[in-house]
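Here is the structure we will look at.
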Amino acid sequence: MKKKVLVFALVILVAMASVFASAAAENTAEKAKEINIFHFKALWGEDWLDLMKIYEEQTGVHVETDMVGGDSGYATLLKSYIAAGEIPDIFMVHGLAEYDELKDYIEPMKNPAWEKNVAAFAKSAYTTADGVIMGMPVVAEYFGLLYNKDIFAKAGITETPKNLAELAAAVEKIKAIGVAPFATGFSTGWVVGQHMMNTAISKRADIQAFISGLWDGTKKLTDDKQVLEFGQTLDLILANTYANPLQEDHAASVTNFATGKAAMLTQGNWKENSIRTINPDINIGIMGIPVGSSDANGDSIMSGLPFLLAINSQISDAKKQACMDFLNWFVTDPTAQKYIIEKFAGVPAYSNFDTTNLSPLAKQCVAYDAAGKSFAWSFSQWPTNLPSGEFAVDVQGYIGGQYASWADCVAQMQKDWENSI
Amino acid sequence: MQLSRFVFVMKKLSNNRYTLNDVLYTVPAFLIFILVLLIPLITTFIAALTKWNGVGGSMQFIGFGNFKKIFDPETSSWKALVFSFKFTVVSVIITNLIALLIALVITGRMKSPLGGALRVVYFIPNLVGGLTMGFIWRFIFLRVFSTINLPLFNALWLATPSTAYWASIIVFCWKNIGYVMLIYIANLQNIERDVLESAMLDGASYISVLFRIKLPLIVPAITSSLFLIISRAFKLFDIVFSLTGGGPYGSTISYAYEIYFEAFKRNNYGLGSAKAVVFFVIVAAVSLLQVYLTKRKEVEL
């Protein structure tokens, strides 16, 4: 009998201890001395951590960071964190389609302080159809063909190609001086499925109509001349690569481009830092990828907001406020702004940044925007599994010779789109 | 006093009459079993009957619709199942054959200190985590092999479906051979020396000693190694995750990887759970078969 009492007493003690433990945890949350953030900009690396230390010194709030690289399946990881109940306080969302999936966990922002400074081009990207502000933009990014200006000069190319025929001519000139024209990184899913396919799909004035047509079935990829002609561009690239495209991942492609083994790289301006780490003196520029031979906008690049920073709706109000304070600080504090421009080599999505110290490549991107030679990307409005999932597999299958023609591959992509909605 | 208490408990146990006090002792283990095994299993079974995106929104009950999709030969899950079966068969044979060969060599002629060193060397790969190993081998296949200008090495290891398949098999076998080898060594060393010596005195050749004495005596080790590798190979996840990422174009997606893909990447938590249920049934069947066979096949002198 005594033993029974003892056992029950122990059980109750353990139960109470756990209750007290969780109560204690909530107490610290009340003060919000620590917030955590999960993002996919691993390439900000040490610089980001330094900036977080500066924030802690200024405000006493510790920001615990968990960061992964772009090819590590960020969206998948985020979903598994949510499934496990360990939702980060601040996390990145790619855009509208992802918001629809995660809206139970995203706190709508009401009259955020940063909003008055947002640059005009970014305004439409963070508000949903019903007027909810789902996240805070930070930088704009640009995708196209990065090229090595010195190799171009050596090959005698004085003007950057404006269409596919000129690109093909440039390729011949580069081959003539014994340099491989392209580094691709096509074995990395997001390079092909997300950004290359985005170039094929989004380079049009009526992109919103096209996307909603794809969603409601009135438009089809298989009927679209531009997407079908993109095969010509792919074929030109694939025939002139430095390494086997399915063996070369995005990191290897950056190395091959930075070390001058290839003259052009299908990448975005966010790789500038990685390139300069390998070769600080490289002289690079960005140009458009022509979509097929009849692309009238061959020299336009793709641009967009790669991510928005969203706040978890399941945390205490004090913590939400701490997150909001941090986000405002991140885009208004002079030190943070300096980090964004100089260390992250980003193009700010705000008008109140001092842009004199933008990197040369970033300045060129801004010039494309100013000249109206950029198209907004749309992959954040596709079904979220497609960009680095099915589309990547399909295009890689085309590269590997699985399809008889590009049209067959597009047919498969259309099927995948229909299966995903 | 203590002894009488012990006798009392034993008597009660043999009478199969448990008091509340006895049952209480099993509560902690039972609670853990319920929390980490039973509840997840049941929720998986329930989720398998629904359509749900896994994060928000509502669950929609759709009965056995998910299971119909799994066994459609057109789908990716069928492809993954076929890959896993092919992978399992080949890697089980290769791993066990090589491990047995090494074990025979080490226990045979090389009972020198070298044998001990070799044992350690062969076992080390098993201590490296699967993910890490995948990344290391990815580096070897992509960056190291390409610098060696010989026919087999400069193949495009991770760029075509067939080479990527063999690359995964190489890495898997490399990891598991050491472990299986240890099982074989332990069993080979347990064979009584008298038996081997008398066979030798009778003039038995090495081959007949091997096939008539050694192999029959280590049948329990063979069965358990076979099934160990069958279940490990079928549950393959971490190596393909980091080595090939399922590529090129989805040709090396194992069944376990496919479950993860379906539930978290394609946002079909229900369909993913249904796949997990099928996976559970297959693995459970293999394990039960193993228990049954190991119990039956043991040979003693």
Side-chain angles (χ1 to χ4, degrees), chain A residues 1 3-4 6-8 10-11 14 71-73 75-83 87 98-106 186-189 192 243-249 251-252 255 383-386 388-390 392-403 409 415-416 419-420, chain B residues 19-25 27-28 31 43 47 52-58 69 74-76 79 131 135 138-139 141-143 145-146 154-164 167 241-242 244-253 260-269 271-273:
Chain A
M1 193 58 213
K3 254 187 196 158
K4 250 192 250 175
L6 198 75
V7 168
F8 281 120
L10 266 174
V11 168
V14 169
D71 58 339
S72 49
T76 316
L77 279 170
L78 180 62
K79 272 176 233 158
S80 45
Y81 278 151
I82 290 175
I87 315 167
E98 205 169 72
Y99 173 78
D100 282 339
E101 277 167 15
L102 300 174
K103 59 182 158 205
D104 294 354
Y105 306 96
I106 293 178
F186 284 172
S187 86
T188 300
V192 272
N244 182 300
L246 291 180
Q247 181 104 295
E248 184 185 43
D249 59 16
T255 311
T384 53
N385 53 311
L386 292 181
S388 56
E390 277 80 353
V393 167
D394 295 341
V395 182
Q396 285 168 346
Y398 174 73
I399 297 169
Q402 252 206 331
Y403 297 99
C409 182
K415 223 196 256 171
D416 288 331
N419 286 340
S420 308
Chain B
T19 64
L20 179 66
N21 215 2
D22 299 331
V23 175
L24 269 179
Y25 283 107
V27 166
L31 274 181
T43 47
W52 182 42
N53 71 5
V55 275
S58 59
K69 278 189 204 158
E74 286 284 294
T75 60
S76 59
K79 260 171 63 187
L131 272 180
F135 282 120
R138 188 179 167 80
F139 178 80
F141 280 126
L142 290 182
R143 306 284 166 87
F145 276 16
S146 58
N154 60 17
L156 294 168
W157 275 99
L158 301 181
T160 69
S162 58
T163 49
F241 184 87
S242 55
T244 66
Y249 36 94
S251 59
T252 56
I253 293 180
Y260 169 79
F261 225 78
E262 193 68 60
F264 295 113
K265 251 200 164 128
R266 299 197 196 108
N267 299 329
N268 297 321
Y269 203 88
L271 184 54
S273 301

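Just so we're clear, the structure is a prediction, and the values are computed from it rather than from any experiment. Within every chain, numbering begins at 1; the chains are lettered A, B, ... in the order of the sequence lines, protein sequences first and strands thereafter. Because only heavy atoms are used, hydrogens play no part in the values below, and waters and symmetry mates are left out as well, while side chains stay in.
Interface remark: of the candidates B:Asn267, B:Val27, B:Thr160, B:Asn267 forms the most heavy-atom pairs closer than 4.5 Å to chain A.
For the residue pair B:Tyr249 and A:Val393, the shortest heavy atom distance occurs at CB-O, 3.2 Å. The two residues A:Ala252 and B:Arg143 make their nearest non-hydrogen contact at CB-NH2, 3.4 Å. Closest heavy-atom contact between B:Phe264 and A:Ser80: CE2-CA, 4.0 Å. Taking all atoms of both residues into account, the shortest heavy-atom contact from B:Lys265 to A:Lys79 is O-NZ, 4.1 Å. Heavy atoms only, all atoms of each residue included: A:Leu246 and B:Ala159 are closest at CD1-O, 3.6 Å.
Only the side chain of A:Asp104 comes within contact range of chain B, with at least one heavy atom under 4.5 Å from a heavy atom of that chain. Only the side chain of A:Glu390 comes within contact range of chain B, judged by heavy atoms closer than 4.5 Å. Of the atoms belonging to A:Tyr398, not a single heavy atom falls under 4.5 Å from chain B. Within the 4.5 angstrom heavy-atom criterion, atoms from both the backbone and the side chain of A:Thr76 approach chain B. Proximity to chain A (any heavy atom under 4.5 Å) is restricted, for B:Tyr260, to the side chain, taken from C-beta onward.
Considering OG of A:Ser187 and CG of B:Leu142, their distance stands at 7.5 Å, rounded to 0.5 Å.
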